[in-house]
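Here is the structure we will look at.
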Amino acid sequence: MVFHPEIVDASSDFYDRAPLILSGRAEFDVPAARLWREVEDFGWLPVVSAEWETPAPHGPGSRRRLGLGPLLLSNEFVTRVETDREMSFFIGEIPLPGIRAIAERLRLEDLGPERSAVTYTIAVAPAGFPGIRLAPVTFLARPVFSRLLRVLIGRSLRAA
C-alpha cells in the first residue's frame with residue numbers, strides 16, 4: 001500500500017522546523033557543474049535506482065521514482081531547481097505508514113576553481129508526533145551523514 005504524505009513547498013520553513021532533520025555537508029575537488037550532474041543523477045547511492053518519470057528538463061512538478069530493485073522506495077516531486085545550485089523535493093508517495101511529511105533539499109556551493117560542496121537535508125514529520133524538534137538527533141547525526149555523503153558521492157565521482 002502506498003501512503004501519501006503532505007506536500008512541502010521549497011520555500012517552506014519545514015526544512016528548519018521539522019521534528020527530525022538530517023543534514024550533511026561534503027566538499028569535493030570538482031567544479032559545481034560536475035557535482036551537480038552526480039547529485040542530480042542520484043547514482044551515488046548504491047542499490048537505489050532513480051528514474052525520472054517526466055521528461056527533461058527537470059523542474060518544479062517533475063517526478064522521480066526511487067526504487068530498491070522492483071520495490072518502490074518513494075516517488076519524489078520536484079519543487080525547486082536552480083541548475084548547479086539547488087534541487088528540492090517532497091516525497092509524495094512512500095510505502096511506509098506514519099510519515100506526515102518528508103522533503104529533501106540538495107544545495108551546492110561553488111568553492112572556487114575545481115572545488116565545490118553539497119549540503120543534503122532531509123526533513124521528516126512523523127504522523128501523530130508532537131511538533132517538538134529533535135535537535136539532539138540532528139546534531140548527533142550531522143557528522144555521520146556528512147561522512148556518508150563524502151564516501152558515497154566521492155566513490156561515485158571517482159568511478160565516473
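Excluded from the calculations below are hydrogen atoms, water molecules and symmetry mates; all remaining heavy atoms, backbone and side chain alike, are included.
Separation of atoms CG (Leu22) and OG1 (Thr138) is listed at 6.5 Å; rounding is to 0.5 Å. Taken from OG in Ser74 to CD1 in Ile94, the straight-line distance is 6.0 Å, to the nearest 0.5 Å. Between the CG atom in Leu106 and the CD atom in Glu38 there is a gap of 12.0 Å [rounded to 0.5 Å]. Taking CZ of Arg34 as the reference point, atom CZ of Phe28 lies at 11.0 Å (rounded to 0.5 Å). Interatomic distance, CH2 of Trp36 versus CD of Glu82, reported as 8.5 Å (0.5 Å rounding). We find the CZ-CD distance between Arg65 and Glu51 to be 7.5 Å, quoted to the nearest 0.5 Å.
A salt bridge is defined here as a Lys NZ or Arg NE, NH1 or NH2 lying under 4.0 Å from an Asp or Glu carboxylate O, and Arg80 with Glu86 meets this definition.
With a 4.5 Å cut-off on side-chain heavy atoms, Leu152 and Pro46 count as touching. Here the side chains of Arg142 and Ser23 are in contact, with some heavy-atom distance below 4.5 Å. Using a 4.5 Å heavy-atom threshold, the side chains of Ile99 and Phe3 count as separate.
In terms of heavy atoms, Pro5 sits closest to Gly92 at CD-O, 3.6 Å. Nearest approach of Ser116 to Leu35, heavy atoms of both residues: OG-CD2, 3.4 Å. Taking every heavy atom of both residues into account, Pro57 and Ser62 meet most closely at O-OG, 4.2 Å. The two residues Ala26 and Leu149 come nearest to each other via the heavy atoms CB-CB, 4.0 Å.
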>> Using the rule given for side chain to side chain contact (heavy atoms under 4.5 Å, CB included), can you reason through Arg155 versus Val151, listing the C-alpha separation, both sets of side-chain angles and the distance that settles it, and then say yes or no?
In response: CA-CA 6 Å; Arg155 180 179 358 176; Val151 169; 3.8 Å; yes
> Given Tyr120 and Phe145, is the ring pair (Phe, Tyr, Trp, His ring centres under 6.0 Å) satisfied, shown in steps?
Replying inline: CA-CA 9 Å; Tyr120 185 19; Phe145 199 46; 5.6 Å; yes
> Between Glu109 and Arg25, does a salt bridge (Lys or Arg N to Asp or Glu O under 4.0 Å) hold up when you go through it step by step?
Replying inline: CA-CA 10 Å; Glu109 299 170 63; Arg25 183 177 185 281; 2.9 Å; yes
> Would Leu66 and Ser49 count as a side chain to side chain contact (heavy atoms under 4.5 Å, CB included) if you check the C-alpha gap in whole Å, the side-chain angles of each, and the deciding distance to 0.1 Å?
Replying inline: CA-CA 6 Å; Leu66 296 183; Ser49 62; over 6 Å; no
>> Test side chain to side chain contact (heavy atoms under 4.5 Å, CB included) on Met87 and Glu40; report intermediate values, then the result.
In response: CA-CA 8 Å; Met87 183 176 285; Glu40 182 187 30; 3.7 Å; yes
>> Ile153 vs Val39, test: side chain to side chain contact (heavy atoms under 4.5 Å, CB included). Steps then yes/no.
In response: CA-CA 8 Å; Ile153 295 173; Val39 298; 3.9 Å; yes
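A donor-acceptor contact shorter than 3.5 Å links the side chain of Thr79 to the backbone of Ser88. Using a distance-only test at 3.5 Å, with no hydrogens or angles considered, a donor-acceptor pair links the side chain of Ser12 to the main chain of Phe14. A donor-acceptor pair under 3.5 Å is absent between the side-chain atoms of Arg115 and the main chain of Leu111, judged by distance alone. Side chain of Tyr15 to backbone of Glu104: a donor-acceptor contact under 3.5 angstrom is found.
Hydrophobic clustering (side-chain heavy atoms under 4.5 Å, transitive across Ile, Leu, Val, Met, Phe, Trp, Tyr) groups Leu68 together with Ile91. Hydrophobic clustering keeps Leu73 apart from Val8 (ILVMFWY residues linked when any side-chain heavy atoms are closer than 4.5 Å, directly or through intermediates). Criterion: ILVMFWY side-chain heavy atoms under 4.5 Å apart, direct or through other members. Under it, Leu148 and Leu108 are part of a common hydrophobic cluster. Placement of Phe77 and Val48 in two distinct hydrophobic clusters is found when ILVMFWY residues are connected by side-chain heavy-atom separations under 4.5 Å, directly or transitively. There is no path of hydrophobic side-chain contacts, each under 4.5 Å, that joins Val124 to Val2.
For Ile7, the CD1 atom counts as loosely surrounded, since its 6.0 Å shell holds 12 or fewer non-hydrogen atoms of other residues, nucleotides or ligands.
Screening Arg64, Glu93, His4 for a side chain to side chain donor-acceptor pair (under 3.5 Å) involving Asn75 leaves a single residue, Glu93.
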